[in-house]
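First up is the structure itself, then whatever we jot down about it.
All values below were derived from every heavy atom in this structure, side-chain atoms included, with hydrogens, water molecules and symmetry-related copies excluded.
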Amino acid sequence: MARTTPSEPAAARLAALAALLADETRAAFCLALLDGRAWTAGELARGAGVAPSTASEHLGKLVAGGLLAEERQGRHRYLRLAGGRAAQLVEELAAYAAPGGAPPARSLRAASTAHALARGRTCYDHLAGRLGIRITEAMTTRGLLRQDTGFALTEDGLAWFAALGVPLDTASRRRPLARGCLDWTERRPHLAGAAGAALCRHAMEAGWCERVGTGRAVRATPEGLRALTARLGIDPASIDGR
């Protein structure tokens with residue numbers, strides 16, 4: 001095996017990336033931005049409980065390191081994850097960091113938030129939590145999705161999306177059509193990639209899902225539960241954890 005020295009460029013880049021997430025405030029910002037939306041520096045500062053000046057310093061490091069991207073509109077500075085690869089990295093590191101699941105909540109508010117996130121949430125631009133897992137399981141059981149050699153939509157899966165009226169760019173090389181993303185609360189992979197993003201977008205636009213508060217928690221609406229039952233045979237109680 002070739003020896004890797006501390007001066008190896010790849011080792012230096014990996015160490016620099018790890019250092020970006022070695023701070024709890026910067027990690028909190030990245031986790032908050034997993035909802036796929038752009039937030040102002042002030043909103044992120046309030047969410048993390050730090051001063052605006054402290055947030056600005058940390059956000060500058062994350063942007064310089066390539067994990068976040070910024071957009072300016074007038075006086076406001078909006079931050080978002082740099083893309084799907086950055087989101088995947090953060091989500092999978094969160095799963096790796098909590099092999100036994102999330103620690104017990106220390107307050108009623110924290111417990112409610114944790115329950116909502118475990119039930120359903122967005123993971124950048126696709127659905128995660130029990131909601132995302134149940135959809136992934138149902139698609140696999142019905143032969144719409146294969147997981148035996150990595151994630152791949154079947155011909156029936158492509159037809160299922162077409163029947164929903166959800167277009168898929170099957171020729172795009174920018175991102176895989178379907179891939180597995182390890183769910184940090186369920187410990188199993190949920191559907192990501194272009195298909196996962198398209199399904200999440202359809203679920204929100206069709207009123208199948210709605211956001212809970214201002215975070216990334218989502219829940220299936222009564223209409224959404226009926227649609228998921230009719231189209232995928234999902235038991236609504238299995239999403240609520242009953």
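- In the model, R37 has no side-chain atom that pairs as donor or acceptor with a side-chain atom of T122 under 3.5 Å.
- Contact check for L59 versus R77: side-chain heavy atoms found under the 4.5 Å cut-off.
- In the hydrophobic clustering of this structure, L17 groups with L62; members are Ile, Leu, Val, Met, Phe, Trp, Tyr whose side-chain heavy atoms approach within less than 4.5 Å, directly or through other members.
- The CZ atom of R211 sits 10.0 Å away from atom CZ of R216, with the distance rounded to the nearest 0.5 Å.
- I133 and L131 fall into different hydrophobic clusters, where Ile, Leu, Val, Met, Phe, Trp and Tyr residues are linked whenever their side-chain heavy atoms come under 4.5 Å apart, directly or through other members.
- Heavy atoms from other residues, nucleotides or ligands lying under 6.0 Å from CZ of R188 number more than 12.
- A distance of 6.5 Å separates SG in C209 from CG in L228, rounded to the nearest 0.5 Å.
- In the hydrophobic clustering of ILVMFWY residues, with side-chain heavy atoms under 4.5 Å counting as a link, L67 and Y78 come out apart.
- In this structure the side chain of L93 reaches within 4.5 angstrom of the side chain of L21, judged on heavy atoms.
- Residues L44 and L33 meet the side-chain proximity criterion, which asks for heavy atoms closer than 4.5 Å.
- Shown here for A178 and L145, the closest heavy-atom pair between the two residues is CB-CD1, 4.4 Å.
- Of all the heavy atoms in L225 and P236, the pair that sits closest is CD2-CB, 4.0 Å.
- Using a 4.5 Å cut-off between side-chain heavy atoms of Ile, Leu, Val, Met, Phe, Trp and Tyr, with links allowed through other members, L31 and W39 fall into the same hydrophobic cluster.
- Between L168 and A194 the shortest heavy-atom distance is CD2-O, 4.3 Å.
- Listed for the E186 side chain is no donor-acceptor partner under 3.5 Å among the backbone atoms of D183.
- With hydrophobic clusters built from ILVMFWY side chains whose heavy atoms lie under 4.5 angstrom apart, L182 does not share a cluster with M139.
- D156 and T154 are not linked by any side-chain donor-acceptor pair at a separation below 3.5 angstrom, with hydrogens and angles left out of the test.
- More than 12 heavy atoms of other shown residues, nucleotides or ligands fall within 6.0 angstrom of atom CD in E92.
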Stepwise, does the side-chain contact (heavy atoms from CB on, under 4.5 Å) test hold for V212 with R119? CA-CA 11 Å; V212 180; R119 179 182 58 196; 4.1 Å; yes
F161 and L199: side-chain contact (heavy atoms from CB on, under 4.5 Å), yes or no, with the steps? CA-CA 8 Å; F161 273 93; L199 183 57; 4.0 Å; yes
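- Residues L68 and L81 are in side-chain contact: their nearest non-hydrogen atoms beyond the backbone lie under 4.5 Å apart.
- Taking all atoms of both residues into account, the shortest heavy-atom contact from A217 to A116 is CB-CB, 3.9 Å.
- Rounding to the nearest 0.5 Å gives a distance of 10.0 Å between OG1 of T25 and CD of E57.
- Across G66 and A82, no two heavy atoms sit closer than the pair O-CB, 3.2 Å.
- Side-chain contact of Q147 with T140: a donor-acceptor pair under 3.5 Å is present, judged by distance alone.
- Looking at heavy atoms from C-beta onward, L153 lies in side-chain contact with L177 at the 4.5 angstrom threshold.
- Using a 4.5 Å heavy-atom cutoff, the side chains of P189 and T136 are not in contact.
- Note that CZ of F151 is 9.5 Å distant from SG of C181, once rounded to the nearest 0.5 Å.
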Where do I239 and I234 land on the side-chain contact (heavy atoms from CB on, under 4.5 Å) test, with the steps shown first? CA-CA 8 Å; I239 297 174; I234 294 176; 4.0 Å; yes
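- Ring pair H126/H190 is tilted by interplanar angle, where 30° to 60° counts as tilted.
- By the 6.0 Å contact criterion, CZ on R146 is open, its count of non-hydrogen atoms from other residues, nucleotides or ligands being 12 or less.
- With salt bridges taken as basic N to acidic carboxylate O contacts below 4.0 Å, one links E137 and R134.
- A heavy-atom distance below 4.5 Å is found between the side chains of W208 and H202.
- Contact of the R231 side chain with the L164 side chain is registered, since non-hydrogen atoms from C-beta on lie closer than 4.5 Å.
- Contact record, T185 with A118: OG1-CA, 4.2 Å, taken as the closest heavy-atom pair.
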Taking it one step at a time, do L232 and T141 satisfy side-chain contact (heavy atoms from CB on, under 4.5 Å)? CA-CA 9 Å; L232 289 172; T141 299; over 6 Å; no
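- Once rounded to the nearest 0.5 Å, the distance linking CG of L127 with SG of C200 reads 4.0 Å.
- D125 pairs in a salt bridge (charged side-chain N to carboxylate O under 4.0 Å, His left out) with only one of the listed residues (R201, R80, R175), which is R175.
- Within the model, atoms CG of L144 and CD1 of I135 stand 12.0 Å from one another, a figure rounded to the nearest 0.5 Å.
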